[in-house]
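Heads up: the structure comes next, in structure tokens.
The structure presented is a predicted model; accordingly, all values stated were derived computationally and were not measured. Note on naming: letters A, B, ... go to the chains in the order of the sequence lines (proteins, then strands), and numbering restarts at 1 for each one.
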Protein chains: 4
Amino acid sequence: MSSDTADAEDLQNADLESTPELEQLYADFAAHHLAPLWTQASEVLTFHPRSDAVPFVWRWDDLYPLAARSGELVPVGRGGERRAIALANPGLGGAPYATPTIWAAIQYLGPRETAPEHRHAQNAFRFVVEGEGVWTVVNGDPVAMRRGDFLLTPGWNFHGHHNDTDAPMAWIDGLDVPLSDHIDIGFFEYGTERVTDEASPDISRSERLWAYPGLRPLSGLDERVSSPIAAYRWEYTDRAVAEQLKLEDEGHPATVEQGHAAIRYVNPTTGGDVMPTLRAEFHRLREGTKTQVRHEVGSSVWQVFDGTGVFVIDGVRHAMRRGDLAVVPSWVPWSIEAESPFDLFRFNDGPVIERLGFARTHIVDPEK
Amino acid sequence: MSSDTADAEDLQNADLESTPELEQLYADFAAHHLAPLWTQASEVLTFHPRSDAVPFVWRWDDLYPLAARSGELVPVGRGGERRAIALANPGLGGAPYATPTIWAAIQYLGPRETAPEHRHAQNAFRFVVEGEGVWTVVNGDPVAMRRGDFLLTPGWNFHGHHNDTDAPMAWIDGLDVPLSDHIDIGFFEYGTERVTDEASPDISRSERLWAYPGLRPLSGLDERVSSPIAAYRWEYTDRAVAEQLKLEDEGHPATVEQGHAAIRYVNPTTGGDVMPTLRAEFHRLREGTKTQVRHEVGSSVWQVFDGTGVFVIDGVRHAMRRGDLAVVPSWVPWSIEAESPFDLFRFNDGPVIERLGFARTHIVDPEK
Amino acid sequence: MSSDTADAEDLQNADLESTPELEQLYADFAAHHLAPLWTQASEVLTFHPRSDAVPFVWRWDDLYPLAARSGELVPVGRGGERRAIALANPGLGGAPYATPTIWAAIQYLGPRETAPEHRHAQNAFRFVVEGEGVWTVVNGDPVAMRRGDFLLTPGWNFHGHHNDTDAPMAWIDGLDVPLSDHIDIGFFEYGTERVTDEASPDISRSERLWAYPGLRPLSGLDERVSSPIAAYRWEYTDRAVAEQLKLEDEGHPATVEQGHAAIRYVNPTTGGDVMPTLRAEFHRLREGTKTQVRHEVGSSVWQVFDGTGVFVIDGVRHAMRRGDLAVVPSWVPWSIEAESPFDLFRFNDGPVIERLGFARTHIVDPEK
Amino acid sequence: MSSDTADAEDLQNADLESTPELEQLYADFAAHHLAPLWTQASEVLTFHPRSDAVPFVWRWDDLYPLAARSGELVPVGRGGERRAIALANPGLGGAPYATPTIWAAIQYLGPRETAPEHRHAQNAFRFVVEGEGVWTVVNGDPVAMRRGDFLLTPGWNFHGHHNDTDAPMAWIDGLDVPLSDHIDIGFFEYGTERVTDEASPDISRSERLWAYPGLRPLSGLDERVSSPIAAYRWEYTDRAVAEQLKLEDEGHPATVEQGHAAIRYVNPTTGGDVMPTLRAEFHRLREGTKTQVRHEVGSSVWQVFDGTGVFVIDGVRHAMRRGDLAVVPSWVPWSIEAESPFDLFRFNDGPVIERLGFARTHIVDPEK
């Protein structure tokens, strides 16, 4: 609900003349912890979604140096748990939330450091825009992190992070913390101080068992709430979007719109989203592509993986380059213009919106 | 997320000595709209759900007279839309929200009054603890409201209310407004000033088509997001819980626990909840029954339909009688003791919690 | 697959000149239990479904007296199990099968007789066109059988039948025996010689727990493969189709086509068919109604419940009245003309066809 | 249903003394196309599945030369459609059916030959035990066939086969023809005489769009009845089962049972079987592994892909090697003993059995 002052697009409240009787009624409401609809209909109901969250852009050139300074000043360990610095949407009153449903943070781990193991009901993922050398250990399975990889730690899985090199590494964390805090579902448990397996294999056991196209192990035929694949590797993501553009070149329908290739990361046991509350996608635009202008119910965070371009959010143009992050609140119109080949990672609360029956999309007709 | 001061059950924040460099870092975070996890881990993550919402009880003997006074002082009509007075949980900072996900209000309609038609993305229902004489018109279908009836107006259905009698009537509205405001999904449209059909049939067309045990019209074989039954009549609810207790008497397993019968209102096209975000149930306890003590993820509102008893919420005893409403926030332990035959209507955000994969229940072992 | 001789609508087989080498090849195929496609393509593949089963009509005036004679000559009991006389489709080589997937039989129980308890993997139901006085006992729950009732004994439920009166009673049994025999899924166990509960209540415990519109017991929230409702009572079926016609009279869309009301019996835990292999419906046509001409994949059996009319099956007109049964094989065109108000019970293999992805319907355009 | 003579395991039929009245009754039944249950209960119902199909083994050393002789004597083309030679189970009366639900054939295409395009409602796949050089063209998309590949042509997709080389090639076809013939669902349409695209790419467009671990194109978010992946390549299958055994070596649970790795081919849009009626799996046994003895509802066909071993079917030992095919009818006990590393392709009617609610498995306790 927006706290903006009323505008022509607001519902009307009842327009009542103040009388002593009415004032007494309102005082009695307050005394009994009651609130009338008619004085705040315009706050409670809106003609279309109007989020308190605002469109905003964070620059990698700001984020990374601040994370590096944290690396010098702030130890990582039990208490604090993670050296994570969250995007705090300016519209959300200082809360460490990128949107009303999504937590997004840069996490930084210095040489040889370990972030201790813990688990929580909230779902989490990592996306790596640069660097390598950290292993996320998920329920004892060490998962290498490298540029372009998308990594999962679904709710209630123990996980820690371990830097096996002499260089620092930073990446993006995404969680459903703002949603889960609002609906009060959080559970948390401490695990071990050190990760339970300090090995540094190229690929995780989860990938060795699960990461094949269209194949499932016969030892894992049950349906999983979240994807059993711990890491979605850049090699496949890159190839998938590249092939979509090649197929388009060859005259076949393969892309979302002309010059715009995209994949969704999915749970191979259902074909649906990787986790019940978070959706993740990777988009590749050809140089010169301008996407349609879309309104979507639900909020998104984008990170530029490579290239340069412009995000047009609610009519405002933002020049974006590698590592930059942009937030698009619910129903705010957005489009993207690629100045070079433009690679983008996106995550949002799409599964929440769809599972609760609230999904709507509106594509703006350029002719109007 | 609770804003309570930290206690022994909180996660620890990082305990860092203040230095000029650290203060500068924090200032730079703030300047860039960033927020570190390590200073607020205990706010963001909790060992178990700790809602800002608090357990609270509202008395029908307070609510109804206040609603009646509103009937004299506040006209109902376009602007304000409804003469609805919402339960405002004392823990939620004055917002008109019973819990972080649930809106609950008493709505009052005077003799011959009409609440104009509108529609919204939010899902709504009515439950009638006393009285009759109002017809809710849903997409042109007039639905009589009588004591014990549970009535639906799922998202994006036009609806208005029309009092066809010379007596006032009041009932309870339940909506998913707090959730939908938080996740920014609201749409709204005005409809007609008068209801589109002022007829006053005993049962609605939706019931004539859909309200039979285990029968579906061949003209309606598609799956519906929400139930097509506009009214769940008291006659059936009463019989269903009465039969459970009789079956128990005859030695058959039929009740939730000894002396505790209950039904869930469901969507006949799926067998699941009536709407994607709201669950509703009716419970009947025998005189003398004491339920187990339960913790549940998700928040509930109860209304006493008949009889007297005690709600024990977070260890506090509340004597309850007809029309009284009680809120149980997420994970707060509750149990009920019936001093007479005790009939209860309950609604909660169960479908949200389950569809997003967060459901947990803990039953307290009375031996411990 | 039809064994009809080839006609213009058949696929061509390869047209090869016989040579000694070819004959030797065919002999060698046979010796090795091999069969070439090219000599029997027209048998194995068809342009559209051409069932061996043929349209056929059985008369209640034939069936009932034969069943009654059986009642005098053939005891019911262990060995034989049931005094059931099956419709044997003339196209199916003498097998006791109404269609390739459906078993349909008249079952007859004399005064005070008992058909012993047993269970089998095959799914079964009963439909009562006339009479009363027998209780089917399903897992110990006695279920009264009366005219117009539709009763379930899903796979692997123990069941027996018990005539509590001094008059005989007959009804229709429907099972998936021909399908289950073909795909080899049958299991069988003997139960007790007498039914396990000889009480004769008006309604069964399953109905007392489950047969309410849109209500589920909280003690039964799991999804069931088959409906937990043991009996779908005539009172509700009658009212449901009557209301559809009244709603049509009032100008509302409620019927399948003009003058043609119908309900499907469903599993209240899913909204889908009552059992995984069998669909059941009840149709009511106004006097004078002529349905459209339909081709449907899958085979159906119809029984006239009341009134008179004409079934046009594959262009052949069959006058039908109370109790008469007609078989419509897969893809054979059918329509119905009501000479009086015409009430019809139908069952078919729709769930099999749909679950396996083979459903198609073609409605013949009367203009062509 | 087995036509075996009755044995101790059969249900009893009613044992009635013949009388003139009874004989007349039976004659009247026959005259009215009726059949009593009590004289054939033992045929219609069985204590456990007893298939007419029998366990049987076909040798690649027999099959391939016969297919090659067909290549010399029988042209491929319209009329006949395919040079396919079907396994005809000796228990099924000469029908070209491996089991009551499964068609399995060797198909042979000579140098530069084309099998014309057509489509049918029946689902089909190919599995390649040796050779390469043919492209199956599915809806215009050429799909290379190579040793170890599993290829799909789901129902109602146009497909033809085109040999692009100067060498012949043979492979295995699997279809649901016996099931679809029994339940009468077949449709068929001729397509073009030549395949619609004679290109010979390494991988198909379907793979370029779909064959990535856990990634879906955003242009294809709808759920598909059948898998959109046209070819499951040997490279991935081989790696998947190899990794399972390595994980087992490393002490992790990854295999079906000790020394027995296996994957199921799945539809990436659902995580379920590749087609609604057919399941396919690939199994790898270590040298020396002996599987447990299993009874399963539903019938299977196995083909040895590599290595040597023994199939024990219904207690009979069959030595098996590359290309050999074995049929296991429903509920017949089977186990496998690997004399070398043993690679096996398996297909069966598992989705049919499961979707219709009939699945059961019994593992024989070796201690008993």
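- Residue contact with chain D, scored on non-hydrogen atoms closer than 4.5 Å, involves the side chain of Val177(C) exclusively.
- Between the side chains of Ser330(C) and Asp184(D), no donor-acceptor pair of N or O atoms lies under 3.5 Å.
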Exercise for review: Give the C-alpha distance, both sets of side-chain angles, the deciding distance and a yes or no for side chain to side chain contact (heavy atoms under 4.5 Å, CB included) between Phe187(D) and Phe358(C).
Suggested key: CA-CA 10 Å; Phe187(D) 293 85; Phe358(C) 293 126; over 6 Å; no

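- Note on Pro90(D), Pro36(D), Pro276(D): by heavy-atom pairs under 4.5 Å with chain C, the leading option is Pro90(D).
- Only the side chain of Ala41(C) comes within contact range of chain D, with at least one heavy atom under 4.5 Å from a heavy atom of that chain.
- Taking CZ of Phe29(C) as the start and CG of Asp62(D) as the end, the distance is 12.0 Å to the nearest 0.5 Å.
- Summarising the geometry, atom CG belonging to Asn123(D) is positioned 9.0 Å from atom CG belonging to Leu152(D); distances are rounded to the nearest 0.5 Å.
- If you tally non-hydrogen atom pairs under 4.5 Å between each of Leu34(D), Thr277(D), Asp349(D), Val352(D) and chain C, the highest count goes to Leu34(D).
- A tilted orientation is assigned to the rings of His159(D) and His161(D), their planes being inclined by 30° to 60°.
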Review point. What's the verdict on side chain to side chain contact (heavy atoms under 4.5 Å, CB included) for Trp38(D) and Ile85(C), showing C-alpha distance, side-chain angles and the deciding distance?
Key: CA-CA 8 Å; Trp38(D) 58 84; Ile85(C) 307 155; 3.9 Å; yes

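- Of residues 99-109 of chain C, those residues with a non-hydrogen atom less than 4.5 Å from any non-hydrogen atom of chain D are, in numerical order, Pro100(C), Thr101(C), Trp103(C).
- Between the side chain of His120(C) and the main chain of Gln122(C), a donor-acceptor pair closer than 3.5 Å is present.
- In this model, a donor atom of one side chain and an acceptor atom of the other lie less than 3.5 Å apart for Ser18(C) and Glu23(C).
- If you tally non-hydrogen atom pairs under 4.5 Å between each of Gln24(C), His32(C), Arg78(C), His33(C) and chain D, the highest count goes to His33(C).
- Using cut-offs of 30° and 60° for the angle between ring planes, the Tyr190(D) and Phe188(D) rings count as perpendicular.
- Comparing Gly94(C), Gly80(C), Pro96(C), Ala30(C) by heavy-atom pairs within less than 4.5 Å of chain D, the highest count is held by Gly80(C).
- Highest contact tally toward chain D, considering only Arg59(C), Glu189(C), Glu21(C), Met275(C), is held by Glu21(C) [criterion: heavy-atom pairs under 4.5 Å].
- Chosen from Asp28(C), Thr19(C), Leu63(C), Leu22(C), the residue pairing most often with chain D at heavy-atom distances under 4.5 Å is Asp28(C).
- The candidate from Thr39(C), Leu356(C), Val297(C) with the greatest count of non-hydrogen atom pairs under 4.5 Å with chain D is Leu356(C).
- No donor-acceptor contact under 3.5 angstrom links the side chains of Arg119(D) and Thr153(D), judged on distance only.
- Checked by atom type and distance alone, the side chain of Arg83(C) never pairs as donor or acceptor with a backbone atom of Gly77(C) at under 3.5 Å.
- Separating the CG atom in Leu37(C) from the CG atom in Leu45(C) is a distance of 6.5 Å, to the nearest 0.5 Å.
- Proximity to chain D (any heavy atom under 4.5 Å) is shown, for Asp15(C), by neither the backbone nor the side chain.
- Side-chain atoms of Glu81(D) and Pro116(D), non-hydrogen and from C-beta on, do get closer than 4.5 Å to each other.
- Within residues 66-76 of chain D, the residues having any heavy atom less than 4.5 Å from a heavy atom of chain C are, in residue-number order, Leu66(D), Arg69(D), Ser70(D), Leu73(D), Val74(D), Pro75(D).
- Using a 4.5 Å cut-off between heavy atoms, Arg360(C) contacts chain D through its side chain alone, with no backbone atom that close.
- Between His362(C) and His295(C), the ring planes lie tilted relative to each other; the angle falls in the 30° to 60° range.
- By the side chain to side chain donor-acceptor pair (under 3.5 Å) test, Asn89(C) pairs with no residue at all, sequence neighbours left out.
- Listed options Asn13(D), Leu25(D), Ile353(D) were ranked by heavy-atom pairs under 4.5 angstrom with chain C; first place goes to Leu25(D).
- Taking the side-chain contact (heavy atoms from CB on, under 4.5 Å) definition, one finds that Arg279(D) meets it with Arg264(D), Asp273(D), Glu281(D), Asn348(D), Pro351(D), Glu354(D), sequence neighbours left out.
- Both the backbone and the side chain of Ile183(C) come within contact range of chain D, judged by heavy atoms closer than 4.5 Å.
- Both the backbone and the side chain of Leu87(D) come within contact range of chain C, each with at least one heavy atom under 4.5 Å from a heavy atom of that chain.
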